[in-house]
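Numbering of residues begins at 1 and proceeds along the displayed sequence.
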Amino acid sequence: MVSGRASDPTEQTAGGAGTAVLDRPTAGDAVAPRGRRLALSRADLVIGAVYLVLATYVLSGQWRDTHNGYLVKSGQDQFMWEWFFAETAHAIAHLQNPLGTHLQNFPDGVNMMANTAMFGVGVPLIPVTMLFGPTVTFVLVLTLGLSGTAFAWYWLFSRELVRSRFAAVVGGLFCGFAPAMISHANAHPNFVLLAALPAIAALLICMARRALAEESGTDTAPSPAGWWHRTRQQRRDTILLAALLTLQIALGEEPLLIFSLGFGVFAIVYYLHRPRAGLRVLRGLAPTVAAAALITLALTAIPLWWQFCGPQSYGSIDHGPMGNDVKTLAQFPSESLGGEFVPGQNVAINPTEQNAYFGWPLLILVAVAAILLWRRRDRSGEQRAGYRVVRAGTVVILGFGVLSLGSPAMFGTHTTGINLPWHWLANLPLLDTMLETRFSMAAVPAIAAILALATERALAYWQISLSEPRPLIWFAALALALVPLAPTILPVTHRPAVPSFFIDGTVERYVTDGSVVIAPPPTRLDASPLRWQYAANFDFPIAGGYFVGPMADKKGGYGPIDRPTAGLLMDVKRTGHIPRIDAATRERARKDLRYWNADIIVLPPTRNADALQDALNQLLNVPEQYVDGVRLWDVRGLS
């Protein structure tokens, strides 16, 4: 596979592994590393198309039925995301503020910036949402997210890490279709569309190379022209970096935070053996990064103020323990070939958070590759940059893998009693809103980089002799590690049609300036009424909902603070048992209806509908009506 002998093929060929010296101080590298064009070639487009086909295959179940199809493992999140995309389109089309809305959780509303509204795609895709519906927007973002993330990492690896296009394809494939990505593709487009992150990394790498070139004196342009060129290039870098950061904030802040931490650790370890070079890079990048940060802050000041200080904002979210079980590291994800044939214990916090299911074959392969590549040097004794990437990547994998385990460590859902680093970090600002399980996603590009470098190194042996067996051994091991992780089609179910009452205009006859109360109101356990609202073109606000908003202690929670009547109706639906309803209960119901400014209460066909019907009749003392398949109570005079 990989040999430690002196006659290393990568020392004899210019195209060997590790030749992508990321900090080589040459003026040529500042523009196009290793002479590789930065523009897209025909081969790049073909590779991008292959990634797109794979992503479409993974989501083909949802693509087949974009009207009533629903990703089984999304829980209630697909309803929420579709609502976000639909509400964004509605707000912009009606010249309303998209950062906040009262259409859900009436009358308090929802802080859209404090939720994962993804304006970075929700706004550009408004025509798609308005023409084809939010389900098409949802599955389109997921599909482009998987394929676009894979291609962006491929592009970075092929330009900055390896010369072998095939090796870069392997790295990009793992980044775009890793178990965590497929898991989040069930429900979380903000953790699937991550293409801006490798673009940020590529820009910082180019900036670092230029900084070293300038300080080492290899930038030999005449002084006035050279100064003007550098200043113009710095302005371009500043604007581009600010644009990428702003875009990623509009796509998802949590992935940006994880990436920033992971890339920072990677850079520190990468320059540990050359601290002076690291300091030169830091000095060269600091002004540009600081200026870009200020521009980004200026561009996002209003949205960020709204997020942290605006209506329905909150400080942090108390998730409780959300670390990866140690067993997840070695098991295969459920939506994979390995998970189909060799299922493991269900130890994920939920089906959409299988962030560390790398599988034991891949862990072994990456460990062996990292050990064999750890100390490779060229003939002069200088450590190659590619192998410094291996060292830095290994630290990221281990460090963020441990961090993702939370604290205390769990094994097979049982606590070990061992406190891990998260025990001391969980309450730090910004980190206190994160699910620690997601830190393992920082390991994904690090694993991909090691696989790409090892693949290129194996291919280099064939440049000496086609009879060399080590490449075949490597590719066999690579197949054994990756084939079990190959994703299967995400399962889809058929959701019930929207009640006619909401889509044929009937609801408009019963709503004036108040809200519609569904019995019971939508929650994180059942958010399907959100679909009924956007199917009716948001002609009415609704009480309750599924979102993140402030609780009584100003910490974030999922859904509103349940009012007594909402709680009563949820209990009746769950149990089928009607509690004692007395004068005090009826008065609380009236008070809640006044709070919601309710016009009507709607009872659609649902579980324990008869019990809910009896409970509402006892609560309201107003005549019920049966209209377009739903029962309703007109409470405009009552409230």
For the rings on [X] and [Y], is their centre-to-centre separation under 6.0 Å?
X	Y	answer
Phe106	Phe540	no
Phe439	Trp422	yes
Tyr534	Phe85	no

Summary of salt bridge (charged side-chain N to carboxylate O under 4.0 Å, His left out) pairs that have at least one residue in residues 82-111, sequence neighbours excluded: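 Qualifying pairs: Glu82-Arg495.
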Aromatic ring pairing Phe84/Trp81, orientation class (parallel under 30°, perpendicular over 60°, tilted between):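 Correct class here is perpendicular.
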Return the orientation label for the Phe191 and His184 ring planes: parallel under 30°, perpendicular over 60°, tilted otherwise.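 Parallel.
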My understanding is that only one of [options] makes a side-chain contact (heavy atoms from CB on, under 4.5 Å) with [X]; could you say which?
X	options	value
Leu619	Ile581, Asp614, Ile578	Ile581
Ile349	Asn355, Asn324, Thr437	Thr437
Leu569	Asp562, Ile518, Leu612	Leu612

[X] side-chain N/O to [Y] backbone N/O, donor-acceptor pair under 3.5 Å:
X	Y	result
Gln78	Ala187	no
Arg607	Arg574	yes
Asn111	Ala114	yes
Asn105	Gly544	no
Asn617	Gln613	yes
Tyr70	Gly75	yes
Glu340	Glu335	no
Thr149	Cys175	no
Ser336	Leu485	no
Ser74	Gln76	no

Which pairs, with at least one residue in residues 333-359 and sequence neighbours excluded, count as a ring-ring contact (aromatic ring centres under 6.0 Å, His included)?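 As it turns out, there is no ring-ring contact (aromatic ring centres under 6.0 Å, His included) pair with a partner in residues 333-359 once direct neighbours are skipped.
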Hey, are Lys327 and Asp325 close enough for a salt bridge, meaning a charged N less than 4.0 Å from a carboxylate O?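 Answer for the salt bridge query: no.
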Should Arg580 and Asp582 count as an ion pair when the cut-off is N to O under 4.0 Å?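 Between Asp582 and Arg580 there is a salt bridge, with a charged N closer than 4.0 Å to a carboxylate O.
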Is there a side-chain contact between [X] and [Y] (heavy atoms, below 4.5 Å)?
X	Y	answer
Phe501	Val627	yes
Trp63	Val139	yes
Leu329	Leu363	yes
Gln625	Asp634	yes

Evaluate Tyr314 against Phe308 for ring-ring contact (aromatic ring centres under 6.0 Å, His included), listing each step before the verdict. CA-CA 7 Å; Tyr314 53 88; Phe308 294 105; 8.5 Å; no
Closest approach of Val635 to Leu620 (non-hydrogen atoms, all atoms of both residues):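 For Val635 versus Leu620, the nearest heavy atoms are CG1-CD1, 4.2 Å.
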Would you find more than 12 non-hydrogen atoms of other residues, nucleotides or ligands less than 6.0 Å from [X] atom [atom1]?
X	atom1	value
Ile489	CD1	yes
Arg586	CZ	yes
Met130	CE	no
His67	NE2	no

Would you say the side-chain atoms of Ser313 and Gln307 include a donor-acceptor pair closer than 3.5 Å?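 No pair is found: no donor N or O on one side chain lies under 3.5 Å from an acceptor on the other.
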Rounded to the nearest 0.5 Å, what separates atom CG in Leu142 from atom CD in Gln62?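 These two atoms lie 8.5 Å from each other.
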Does Trp306 have any ring-ring contact (aromatic ring centres under 6.0 Å, His included) partners at least two apart in sequence or in another chain, and if so, which?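 Partners of Trp306 by the ring-ring contact (aromatic ring centres under 6.0 Å, His included) criterion come out as none, since no residue qualifies.
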